[in-house]
Amino acid sequence: MASAPGPERDLRLLAGCLPLYPPPPPTVGLLSMEQQETYLELYLDQCAAQDDLTPPRSPLFNPVVPYGMYILNASNPDTAFNSNPEVKETSGDFSSVDLSFLPDEVTQENKDQPVISSRHETEENSESQSPQSRLPSPSEQDIGLGLNSSSLSNSHSQLHPGDTDSVQPSPEKPNSDSLSLAPITPMTPMTPVSECCGIVPQLQNIVSTVNLACKLDLKKIALHAKNAEYNPKRFAAVIMRIREPRTTALIFSSGKMVCTGAKSEEQSRLAARKYARVVQKLGFPARFLDFKIQNMVGSCDVRFPIRLEGLVLTHQQFSSYEPELFPGLIYRMVKPRIVLLIFVSGKVVLTGAKERSEIYEAFENIYPILKGFKKA
Amino acid sequence: AWPTWYSLGDARRPLHETAVLVEDVVHTQLINLLQQAAEVSQLRGARVITPEDLLFLMRKDKKKLRRLLKYMFIRDYKSKIVKGIDEDDLLEDKLSGSNNTNKRQKIAQDFLNSIDQTGELLAMFEDDEVDEVKQERMERAERQTRIMDSAQYAEFCESRQLSFSKKASKFRDWLDCSSMEIKPNVVAMEILAYLAYETVAQLVDLALLVRQDMVTKAGDPFSHAISATFIQYHNSAESTAACGVEAHSDAIQPCHIREAIRRYSHKIGPLSPFTVLGRRRDISLLALN
């Protein structure tokens, strides 16, 4: 494998709370259920503990890759296995961070982050996307790591001057003895979609929620914030908009917030943080708890017309097609649980995903079926 | 006016006379339905015609009722999905106040719950039986579309998307709602539009059946026993292949419609189980049924 510091540190970042030494064994051991759950609990406890701490001055807090929290859904053991290992980048979870003192440069770093993370993300998605039946091959794993570590090591070393160490110690300890496992288990090659002529669904909208964990005076917010609407007679929330990332937020007096319109997970999180900061600046003790992606929408074009009458007949139990009501066929895929809107023109909209990989997987599943109903 | 027939199984250019006739039939059926619904709402002292009134009128025909319920659920489901996709839709839904998710389903469930004494109405919600009529329509559409080229198919799809609910105000005027004392509310109008569409579909189904019956192959003793769909399939395949250009002979004739009404009046229309067919050719009598 590569030279010592680089990949190990990357692994640390990638693996987060997991022990790094030695590098992952060539054979993959499957995490047992208990191990997964223990691991999860430990991780979540640690995050919860961090939420309650007031962060020290120094850290340029790891404006780290975002989607650690939401990928860890204990309710879904299948994906939990796949995603656990990759997710650990976010152990420096800044969910409770008071950002008001941060200079605006922080947002610059965030801009860099998405680039890195999306690269990493693609790898993760290819990993988590394929069905469990495939055993990872050692060679793929090494390739995955090798490729990733080189791209990540540089950027990570820039952005995380030393805080990883300061942030990491506690998570590492409890976990170092609990598990021996392969943190990275890529199951498929790097490219997210390999079988569909390179058509990759693009994310169009992400809906996420976060808890600012304090009661809010909506009137005050509406009066002092820019781009805020509040009409209590119509709707009991403030509607706020920001331009970058272009999103809309619904902010409720309970402190809960919904953020819509982002085109990626990172952007959604970034936008949510920005709204949180606005609220903070207005004097509320806003935190950033339980950020969760609730829905992801993707779309793509298969570029041939589709004969929907054929599809609805052969896939009756999954499809509804009422053209006088809606021009698209509504296809309810069971695994993954995604709803697809399929149009005669060949455009496909996928919705209902909690993770990007579900969108890719659903599209991979539907593509051969659609090809079968191509209208010449 | 109503190019929906192409999409329901008629030829590409329906005959004008047929169109006029069908429009008439549907119109009278709906007016009749509206009047009865108005009576029902008056009985309960309401000021608007609600979906509950329509459901009440249809309670006797389980199959039609089930189809209507399924349609209502699909409408709910589709709004839910579309809401999740577009942030503007989501916003609008929130702003519109009351909880809109599954509102049609709730209306239907609550109402049927209240009038159901034997449990058979509520059982319909669980009922997963295949809707044969719908199945046949799907199969017919599939056959039709299989042989089309992509241009024809595009046109076909467009015509399928037309419905009475798209031009809601025109539909309302057509039914002369403004002159009514008690008017239907929004969801009731949706149901009426759907029922209008269903009535047209039914007439086409039955007219096609009649037409197929009329085509007897001389010398073939079993022609009457072969299923309608089978023959129709062959007919349409042949005629389309043979003509290339759509021929008017392919279209449903008024006589097919009339014969269908004569034969199947007990099945036509939303209130069909109540229908008692008049002898006179005059279509307006159908309205009494």
Side-chain angles (χ1 to χ4, degrees), chain A residues 204-207 229 231 233-237 239 241 246-250 252 258-262 294-299 304-314 316-317 319-328 330 332 339-341 343-345 349-353 373-376, chain B residues 4 7-8 70-71 73-75 77-97 128 130-131 134-135 137-146 148-154 156-166 190 193-194 196-198 200-201:
Chain A
Q204 301 295 345
N205 184 22
I206 312 262
V207 178
E229 290 171 37
N231 192 344
K233 293 208 185 106
R234 284 190 81 196
F235 186 43
I239 302 170
R241 294 185 166 85
R246 211 180 75 75
T247 49
T248 306
L250 303 175
F252 296 84
V258 177
C259 174
T260 66
Q294 300 289 353
N295 187 27
M296 299 175 72
V297 180
S299 73
F304 52 78
I306 305 171
R307 196 166 63 91
L308 300 178
E309 282 79 5
L311 181 58
V312 73
L313 195 57
T314 49
Q316 276 184 52
Q317 63 274 56
S319 341
S320 345
Y321 179 42
E322 305 283 333
E324 72 274 12
L325 179 57
F326 184 65
I330 303 179
R332 266 184 274 203
V339 173
L340 300 92
L341 302 178
F343 297 85
V344 176
S345 58
V349 173
L350 307 97
T351 179
F373 291 102
K374 179 170 173 170
K375 189 68 190 153
Chain B
T4 42
S7 60
L8 290 167
K70 282 227 165 94
Y71 175 77
F73 302 163
I74 292 181
R75 249 198 120 117
Y77 186 64
K78 170 233 156 196
S79 323
K80 197 164 29 165
I81 295 186
V82 168
K83 233 190 314 173
I85 292 181
D86 195 34
E87 51 169 312
D88 296 325
D89 278 344
L90 176 69
L91 220 52
E92 256 204 54
D93 174 71
K94 300 275 186 205
L95 288 172
S96 62
D128 252 346
V130 172
D131 181 344
K134 188 127 179 105
Q135 182 73 17
R137 288 183 199 160
M138 282 204 292
E139 287 172 10
R140 186 192 311 142
E142 198 274 326
R143 278 196 306 274
Q144 264 183 304
T145 53
R146 212 188 301 160
M148 292 179 190
D149 67 33
S150 53
Q152 289 173 323
Y153 182 59
F156 180 81
C157 283
E158 266 190 51
S159 81
R160 274 199 85 169
Q161 289 170 24
L162 296 162
S163 78
F164 294 93
S165 48
K166 291 289 164 62
E190 280 176 10
Y194 170 73
Y197 184 86
E198 264 296 301
V200 176

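Owing to the predicted nature of the structure, the values given are computational and were not obtained by experimental measurement.
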Greatest number of heavy atom pairs closer than 4.5 Å to chain B - which of [options]:
options	result
A/N231, A/I306, A/T247	A/I306
A/T260, A/L308, A/V349	A/T260
A/S345, A/P327, A/A236	A/P327
A/G352, A/S299, A/G261, A/A237	A/G261

*Measure distances from B/K80 to the heavy atoms of chain A and classify the residue's part below 4.5 Å as side chain, backbone, both or neither.*
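Contact with chain A is absent: no heavy atom of B/K80 under 4.5 Å.
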
*Where on B/V130 is there a heavy atom nearer than 4.5 Å to chain A: the side chain, the backbone, both, or neither?*
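Looking at B/V130, nothing touches chain A.
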
Rounded to the nearest 0.5 Å, what separates atom [atom1] in [X] from atom [atom2] in [Y]?
X	Y	atom1	atom2	value
A/S320	B/K78	OG	NZ	12.0 Å
B/I81	A/R332	CD1	CZ	7.0 Å
B/C157	A/Y321	SG	OH	4.5 Å
B/Q161	A/E324	CD	CD	10.0 Å
A/L313	B/R140	CG	CZ	12.5 Å

*Just do the side chain to side chain contact (heavy atoms under 4.5 Å, CB included) check on B/Y71 and A/L325 with the steps written out, would you?*
CA-CA 9 Å; B/Y71 175 77; A/L325 179 57; 4.0 Å; yes

*asked:* So for atom CD, which belongs to B/E158, do other residues, nucleotides or ligands contribute more than 12 heavy atoms lying within a distance under 6.0 Å?
replied: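 At most 12 heavy atoms, drawn from other residues, nucleotides or ligands, come within 6.0 Å of this atom.
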
*Heavy atoms of other groups near B/K70 NZ, more than 12 under 6.0 Å*: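 Yes, enclosed.
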
Between [X] and chain B, which part of the residue has a heavy atom less than 4.5 Å away: side chain, backbone, both or neither?
X	result
A/T248	both
A/L341	side chain
A/Q294	neither

*asked:* Between B/K134 and A/E322, does any side-chain N to carboxylate O distance fall below 4.0 Å?
replied: yes

_Between B/Y153 and A/E309, is the side-chain hydrogen bond (donor to acceptor under 3.5 Å, both in side chains) condition met? List the steps._
CA-CA 10 Å; B/Y153 182 59; A/E309 282 79 5; 2.7 Å; yes

*Donor-acceptor pair, A/K375 side chain versus B/T145 backbone, under 3.5 Å?*
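Yes, the answer is positive, given that a donor and an acceptor are paired below the 3.5 Å cut-off.
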
_For the backbone of A/R307 and the side chain of B/R146, can you confirm whether one donor and one acceptor N or O come within less than 3.5 Å of each other?_
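Checking the backbone N and O of A/R307 against the side chain of B/R146, no donor-acceptor pair under 3.5 Å is found.
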
